[in-house]
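Encoded as structure tokens, the structure appears first; notes follow it.
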Amino acid sequence: MITALTSLLTKPCLLHLTLSRQLSRYIHPISAAPPSPDLYFSNHFINMNAKRGQLELAHQLFDKMPDKNIFSWTILISGYSHHGKSAQCSQLFSQMLSHHRPNDFAYASVLSVCDHRHGLQVHTFALKTGFDSWIYVANALVSMYWKKNIHDAGFEAWRVFHAMDSRNLITYNSMISGLGTHGQCDKALTLFISMQRDGIEFDRTTLLTLVSSLCGRPNDGFMCFLQLHCLCIKTGLSLDVGVKTALIKGYSISAKEFNACRKLFLETNSKDRDVILWTEIMTVSAEWDPQQALILFNQMRKDDLRPDHYVFSVLIKACANLVMEQAVSAVYCRVIIAGFDNVLELSNVLIHGYARCGSIHNAERVFDEMPKRDIVSWNSILKAYAVHGKAEEALGFFRRMDVAPDETTLVAILSSCSHAGMIKEGITIFDSMENKYGILPKLDHYACMVDILGRAGHLSEAEKIIRQMPMEPDHVIWSAFLGACRKHGDANLTEFASLKLKELDPENSLGYVLVSNIYCSNNSFNEGGFIRMKMNEIGVKKEPGLSWTEIGNRVHEFASGGQRHPQIKEILQNMEVLLQQLKKIGYVPETNLVLFDVEEEHKEEQLYHHSEKLALVFALMNASDSNRVIKIIKNIRICLDCHNFMRLASKFVGKVIVVRDANRFHHFKEGECSCNDYW
DNA sequence: GTAGGGTTAG
């Protein structure tokens, strides 16, 4: 305690001049005389108004009081605190010091709303007056320290916690929540156990906080999560709609257990489902089954629940995942009707939504029309430019940002440089991250650098980055490196990187496929086949090529080979006609991309059955003359042959063809691609 | 006789 006191008092910033001056005068005798009936009723009247939020009136009444006691002061201070009026609350607290010695009511009220700087001063003052370990004051201090975004928030909170004579449920809940939100869920769990040793029973908040802090925790996190779910069932708290929402989030993030999420939602009595529960299940669905998220929205409306801006945000994400631009616009109309069009978060998600649907123009329009922007707005437009290969625009916007860039900004910018082959710019920005922007490069930034260098063919420099990075490279880094190996072919490096990728991500097929391809391209079909066999044995599957295109209000899916599509015969007939036309203007099939031991004409045939080509032919069969843009979405990266095909097709049919592959957008127009054939 | 503290799921 003495150490804590000495340490706090030695911090120069703690000694605020005004408060120090007040300190010498704070000792006022607490009046022993009973308050007059007038004073008593005036206090009640002020309290009534302050609680109702009539703070101005309450303050006027307070000012007019001929006599005030400590209740008058604490009633108004707590009124301001209750309504989050931080500045007024702190000011009144300072004024109070000239008249009364603050009590635990006043300390707790001011601490729960004041900023960090003032909070430290109040803490110092509480220490000097001996109130710092009073349970209400200490609880407010614990919470204050965790809430402040400072480096040693946890240290200060623990110090207060340890100095307390006794602790209650609120103390533990505040600590558990603080630990959880600062990513220290192990410590939160330990404290949860010691709480029970301390004889303090947990409540719904304790479990709710613990469950949500365990979401996304790696390794044994899911086992702890399951134990907590059992505890929720045992205590009957699993019936609580808030706990249920947290459990759904947990099953979705920790275990990707979509069915468990759905079961939890369905077993909730429909009259108990609130907007937050609906939002959570829609959020989960937007990732797993976006169409289902839209169905859920309609069900929610039937239950007479009014969507708020969180609901609309999820809806836009679901439409973006469905890559249905018209649906994004339709939701936006509803956003306007509901009066949420000025909500910053919704504009941010719209930028993302339009960009994901291939409409960079609409993403730009939303960004331009925003009256206010935050870091997420800037990051969203920068990411949009990155994925659409508009590096010049991204760099221009980056230079004119009016908020400090963060880690995401730098990832977006480096990824822009990578997509556009801007090696020099990328290296300069990466090297200046720490000094110029105060951001230490993390895994994502290193992955971008490996991509920038590797994609440009500087394999040894990329390898050097991997060897020299201060943390262990993860599967993303090795995938980026393998991607570069695929493009610039180095058999030894490919084998080495494949081994690394298999270690870190055994289910990732990339390593197996690439090594197999190297063998096949050297005509070593037996070895290549052996690797494919090995993949089957251990259950690693290569993601099959799929493409989607929207015709009318329906999304049509095409698998590589196309046999599943009911109109495949017609599509192949039209394909043949288009092929002959494209061959006349320079299309040459890249048959060396087909690595199977088959005859040349069969190789050509395999190329024509790639899903994006089938999607294009189908879209052309159904497109009207006014339909100037054809959009195709692909789950894996576009191959060189399809890229050539799309380029020439855009010239021949006189339409813009937008293809989104696993990595980026390609805008094909008049025989050229926005990626300048660099991808 | 009057005035409190925490968290909470999107």
Side-chain angles (χ1 to χ4, degrees), chain A residues 34-48 50-51 58 62 68-82 89 96 100 102-113 131 134-147 157 160-161 164 167-181 188 202-213 215 237 240-250 252-253 264-265 268 273-284 286 300 307-315 317 345 349:
Chain A
S36 69
D38 274 359
L39 179 53
Y40 177 76
F41 286 113
S42 299
N43 284 345
H44 265 300
F45 194 53
I46 292 173
N47 188 33
M48 194 181 78
K51 284 284 174 301
F62 173 85
K68 301 178 184 78
N69 64 4
I70 191 157
F71 288 101
S72 326
W73 287 92
T74 51
I75 282 167
L76 197 55
I77 286 174
S78 106
Y80 278 128
S81 166
H82 188 77
C89 187
M96 180 190 182
H100 291 280
N103 57 13
D104 51 338
F105 284 81
Y107 279 119
S109 294
V110 75
L111 282 169
S112 68
V113 285
F131 273 102
W134 285 45
I135 197 150
Y136 275 84
V137 182
N139 284 347
L141 280 168
V142 165
S143 160
M144 179 196 87
Y145 280 119
W146 280 123
K147 268 190 276 180
V160 176
F161 179 84
M164 289 170 81
R167 302 168 188 109
N168 62 10
L169 174 67
I170 290 165
T171 323
Y172 279 100
N173 281 356
S174 306
M175 282 299 289
I176 289 170
S177 156
L179 288 164
T181 48
F202 59 87
D203 68 350
R204 114 179 234 284
T205 305
T206 326
L207 282 188
L208 200 53
T209 313
L210 269 176
V211 168
S212 59
S213 70
C215 291
L237 283 167
D240 179 285
V241 68
V243 174
K244 200 153 265 182
T245 312
L247 286 169
I248 292 176
K249 188 181 171 192
S252 143
I253 297 178
L264 278 164
F265 176 77
T268 314
R273 294 174 189 163
D274 63 7
V275 180
I276 304 179
L277 182 76
W278 279 100
T279 315
E280 182 54 49
I281 193 68
M282 283 173 64
T283 305
V284 174
M300 188 191 100
D308 58 12
H309 79 270
Y310 290 102
V311 174
F312 285 119
S313 168
V314 181
L315 264 187
K317 278 181 204 159
E345 289 83 357
V349 79

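As the structure is a computational prediction, the values presented were derived from the model and not from experiment.
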Starting at atom [atom1] of [X], determine the distance to atom [atom2] of [N], rounded to an integer number of angstrom.
{"X": "A:Phe161", "N": "B:dG5", "atom1": "CZ", "atom2": "P", "result": "21 Å"}
{"X": "A:Lys147", "N": "B:dT8", "atom1": "NZ", "atom2": "C1'", "result": "13 Å"}
{"X": "A:His44", "N": "B:dT2", "atom1": "NE2", "atom2": "C1'", "result": "4 Å"}
{"X": "A:Leu141", "N": "B:dG4", "atom1": "CG", "atom2": "P", "result": "19 Å"}
{"X": "A:Ile77", "N": "B:dG5", "atom1": "CD1", "atom2": "P", "result": "13 Å"}
{"X": "A:Asn139", "N": "B:dG4", "atom1": "CG", "atom2": "P", "result": "16 Å"}
{"X": "A:Trp146", "N": "B:dT8", "atom1": "CH2", "atom2": "P", "result": "13 Å"}

Among B:dA9, B:dT7, B:dG1, which is the nearest nucleotide to the side chain of A:Tyr40?
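In terms of side-chain proximity for A:Tyr40, the closest of B:dA9, B:dT7, B:dG1 is B:dG1.
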Of the candidate nucleotides B:dT7, B:dG10, B:dG6, which contains the atom at the shortest distance from the side chain of A:Val275?
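Of all the options, the side chain of A:Val275 is nearest to B:dG10.
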Report which part of the nucleic acid [X] touches: base, sugar-phosphate, or nothing (heavy-atom distance under 4.0 Å, all strands).
{"X": "A:Val241", "answer": "base"}
{"X": "A:Asn47", "answer": "sugar-phosphate"}
{"X": "A:Leu111", "answer": "nothing"}
{"X": "A:Ile276", "answer": "base"}

For a quick test of reading the model: is some side-chain N or O of [X] closer than 4.0 Å to OP1 or OP2 of [N]?
{"X": "A:Ser143", "N": "B:dT7", "result": "yes"}
{"X": "A:Ser112", "N": "B:dG4", "result": "no"}
{"X": "A:Thr205", "N": "B:dG6", "result": "no"}
{"X": "A:Lys244", "N": "B:dA9", "result": "no"}
{"X": "A:Ser72", "N": "B:dT2", "result": "no"}
{"X": "A:Lys51", "N": "B:dG4", "result": "yes"}

Base [N] to side chain [X], donor-acceptor N/O within 3.5 Å cut-off:
{"X": "A:Thr74", "N": "B:dA3", "answer": "yes"}
{"X": "A:Asp104", "N": "B:dG4", "answer": "yes"}
{"X": "A:Asp308", "N": "B:dG10", "answer": "yes"}
{"X": "A:Asn173", "N": "B:dT7", "answer": "no"}
{"X": "A:Ser174", "N": "B:dG6", "answer": "no"}

A:Val314 side chain near A:Tyr310 side chain, heavy-atom distance below 4.5 Å:
no
I'd like to know if the side chain of A:Ser212 and the backbone of A:Leu208 have a donor-acceptor N/O pair within less than 3.5 Å.
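It does hold such a pair.
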When you measure from the side chain of A:Ser81 to the backbone N and O of A:Ser109, does any donor-acceptor pair fall under 3.5 Å?
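Looks like yes, one N/O pair under 3.5 Å.
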Over 60° means perpendicular and under 30° means parallel, so tell me whether A:Tyr40 and A:His44 are parallel, tilted or perpendicular.
perpendicular
Measure the acute angle between the ring planes of A:Phe161 and A:Tyr172, then classify it against the limits of 30° and 60° as parallel, tilted or perpendicular.
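Ring orientation of A:Phe161 relative to A:Tyr172: perpendicular.
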Ring-base stacking, A:Tyr136 with B:dG4 (5.5 Å, 30° cut-offs):
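Per 5.5 Å and 30° rule: yes, stacked.
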